[in-house]
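Below: the structure, in structure tokens.
Convention: sequence-line order gives letters A, B, ...; per-chain numbering from 1.
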Amino acid sequence: MKIATFNINGIKARLPRLKEWLAETRPTVACLQEIKSQDDGFPADEFAELGYEAIWHGQKSFNGVAILVDGSKPVEIKRGLGIDGPKDGEGEQSRYIEADVDGVRVVCIYLPNGNPHPGPKFDYKLAWMEKLRARMAEIWAEEIPCAVVGDFNVIPHDDDVWSPKAMASDALMQPESRDAYSRLLADGWTDAVRTLNPRGGVWTYWDYQAGAWQRDHGFRIDHILLTPELADRLEAVGVDRDHRGREKASDHAPVWARIRD
DNA sequence: ATGGCAGGAAGGTCCTGA
């Protein structure tokens with residue numbers, strides 16, 4: 001089983017590139033973030049043509065997550081963590097969807113960015129991370145093989161970013177953000193990409209601005225966290241970097257982990 | 001040097017992202 005996560009930055013704008021990636025790399029499970037589409041506008045037919053069935057949790061303009069599965073329909077378990085957005089009365093943002101796929105629990109998340117720091121958006125990020133931790137603990141307690149994947153918007157270590165100095169004031173690498181991420185790992189979850197790249201230096205995001213891609217000014221914020229059973233079966237991980245360099249690319253590259261059957 | 005660029009929805013510009 002190959003589990004992938006890809007922040008696509010708009011499903012309408014990215015559709016040709018996204019279909020190309022699915023056809024070329026054929027992940028078993030593809031978790032998408034920032035679909036930026038309402039539920040009605042989700043192009044499920046386009047994926048069905050490629051053999052993928054999907055569930056999705058959309059929202060107008062921003063956020064939005066989806067899970068695509070090759071050859072079967074993901075069985076939805078939960079959507080949303082039950083936490084309102086940072087503005088009064090806006091309700092919950094579409095950042096969480098959870099499903100069962102062939103005996104594996106798959107959680108697809110788009111964790112709040114948290115900029116600017118400090119401020120209400122950063123507070124929201126930390127509150128969201130605690131909600132996530134509580135949900136992950138519930139799944140852990142049920143002893144279900146599980147992968148929590150997505151855009152965590154956390155740079156875990158200084159060697160996960162091209163320049164810690166340049167990013168020092170960013171919400172992605174504040175000590176509070178890193179501590180909250182570390183607590184997930186301390187609970188027992190395995191960071192798949194880190195485990196197979198212990199010296200860091202792996203990027204999953206390059207800004208559109210200031211020639212970041214051309215200069216390789218990237219960092220790692222898209223993660224795959226595994227329960228022990230899946231971590232024991234972890235075979236390989238990768239970042240599909242070449243898809244970041246194509247025309248009309250997302251600012252994130254797809255990240256994947258291969259799990260032995 | 002607080003820039004730069006992209007997507008979405010609106011609408012001839014603003015908000016958001018990281």
Side-chain angles (χ1 to χ4, degrees), chain A residues 5-19 21 32-43 46 56-66 84-96 109-126 128-129 150-158 160-178 180-181 202-223 239 241 243-255:
Chain A
T5 176
F6 190 5
N7 180 321
I8 54 173
N9 188 20
I11 200 160
K12 295 185 190 76
R14 209 66 58 220
L15 195 56
R17 281 287 97 92
L18 177 57
K19 290 172 70 177
W21 171 70
L32 309 180
Q33 303 88 37
E34 283 206 270
I35 65 174
K36 297 184 173 180
S37 163
Q38 297 184 86
D39 283 342
D40 291 349
F42 189 85
E46 301 269 357
W56 58 93
H57 186 196
Q59 182 179 337
K60 189 177 180 178
S61 302
F62 307 110
N63 310 317
V65 287
D84 287 341
K87 291 176 191 163
D88 282 344
E90 74 168 308
E92 179 154 21
Q93 299 181 349
S94 298
R95 297 180 174 277
Y96 184 98
I109 68 161
Y110 176 46
L111 206 149
N113 169 299
N115 279 306
H117 162 268
K121 290 186 176 180
F122 188 71
D123 296 341
Y124 168 58
K125 174 180 195 156
L126 297 181
W128 205 96
M129 292 186 83
D151 180 355
F152 281 67
N153 271 317
V154 175
I155 297 169
H157 305 277
D158 280 357
D160 290 314
V161 56
W162 66 279
S163 168
K165 193 176 173 185
M167 295 290 290
S169 63
D170 198 286
L172 306 191
M173 51 180 278
Q174 291 311 300
E176 297 95 321
S177 308
R178 287 181 164 179
Y181 184 80
V202 176
W203 317 148
T204 68
Y205 171 90
W206 296 257
D207 203 295
Y208 287 125
Q209 303 176 71
W213 169 249
Q214 289 76 9
R215 297 174 181 183
D216 200 25
H217 289 181
F219 41 84
R220 187 173 73 98
I221 52 175
D222 300 277
H223 305 310
V239 178
R241 277 180 67 110
H243 288 261
R244 174 64 182 83
R246 299 186 186 188
E247 288 297 311
K248 296 287 286 180
S250 171
D251 41 5
H252 295 250
V255 184

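Between dC5(B), dG8(B), dT16(B), one nucleotide has an atom nearer to the side chain of Lys36(A) than all others, and that is dG8(B). Across dG8(B), dA6(B), dT16(B), the shortest atom-to-atom separation from the side chain of Lys12(A) is found for dG8(B). Here the nucleotide nearest the side chain of Arg95(A), chosen from dT16(B), dG17(B), dA18(B), is dG17(B).
Atom-to-atom, OH of Tyr208(A) to C1' of dG8(B) comes out at 13 Å; the value is rounded to the nearest Å. Between Gln38(A) atom CD and dA9(B) atom C1' the separation is 10 Å, expressed in whole Å. In this structure, the CZ atom of Arg17(A) is 16 Å from the C1' atom of dG7(B), given to the nearest Å. Across the protein-nucleic acid pair, Asp251(A) atom CG and dG4(B) atom P stand 17 Å apart, rounded to whole Å. One interatomic measurement links the two molecules: NE2 of His252(A) to P of dC5(B), which rounds to 18 Å at whole-angstrom precision. Remark: C1' of dG8(B) and CD of Gln33(A) are 18 Å apart, rounded to the nearest angstrom. Rounded to whole Å, atom P of dG17(B) lies 11 Å from atom CG of Leu172(A). Atom CG in Asn7(A) sits about 12 Å away from atom C1' in dG7(B), given to the nearest Å.
Between Tyr110(A) and dA18(B) there is a side-chain polar atom (N or O) within less than 4.0 angstrom of OP1 or OP2. At least one side-chain nitrogen or oxygen of Asn153(A) sits closer than 4.0 Å to the OP1 or OP2 atom of dA18(B). Close to dG7(B), at under 4.0 Å from its OP1 or OP2, lies a side-chain N or O of Lys248(A). A sub-4.0 Å separation between OP1 or OP2 of dG8(B) and a side-chain N or O of Asn9(A) is absent. The side chain of Lys60(A) places an N or O atom within less than 4.0 Å of a non-bridging phosphate oxygen (OP1 or OP2) of dA10(B). The phosphate of dG17(B) (OP1 or OP2) has a side-chain N or O of Lys121(A) nearer than 4.0 angstrom.
The backbone N or O of Val65(A) lies less than 3.5 Å from no partner atom in the side chain of Glu34(A), so there is not a single donor-acceptor pair. A donor-acceptor contact shorter than 3.5 Å links the side chain of Arg178(A) to the backbone of Ile155(A).
Residue order along DNA chain B, read from the 5' end via each residue's closest nucleotide, puts Ser61(A) first among Ser61(A) and Glu34(A). Taking for each of Met167(A) and Ser37(A) the nucleotide of DNA chain B with the nearest heavy atom, the 5'-most of the two is the partner of Ser37(A).
The residue Asp151(A) sits close only to the backbone: its heavy atoms come under 4.0 Å of sugar-phosphate atoms, none of a base. Using a 4.0 Å heavy-atom cutoff across all strands shown, Asp170(A) reaches no nucleic acid atom at all. Asn63(A) comes within 4.0 angstrom of nothing in the nucleic acid, heavy atoms only.
The same atom, P, is picked in dA10(B) and in dT16(B); the two are 15 Å apart, to the nearest Å. On the C1' atoms, dG11(B) is 16 Å away from dG7(B), given to the nearest whole Å. When the P atom is compared between dT2(B) and dG17(B), the two are found 23 Å apart, to the nearest whole Å. Remark: the separation of the C1' atoms in dC5(B) and dA18(B) is 12 Å, to the nearest Å.
The minimum heavy-atom distance between His57(A) and Ile35(A), with the atom names listed, is O-CD1, 4.4 Å.
Looking at Lys36(A) and Asn9(A), their side chains do bring a donor and an acceptor atom within 3.5 Å of each other. Gln93(A) and Tyr124(A) share a side-chain donor-acceptor pair at under 3.5 Å.
Phe152(A) and Tyr181(A) have perpendicular rings, their planes meeting at more than 60° on a 0 to 90° scale where under 30° would count as parallel.
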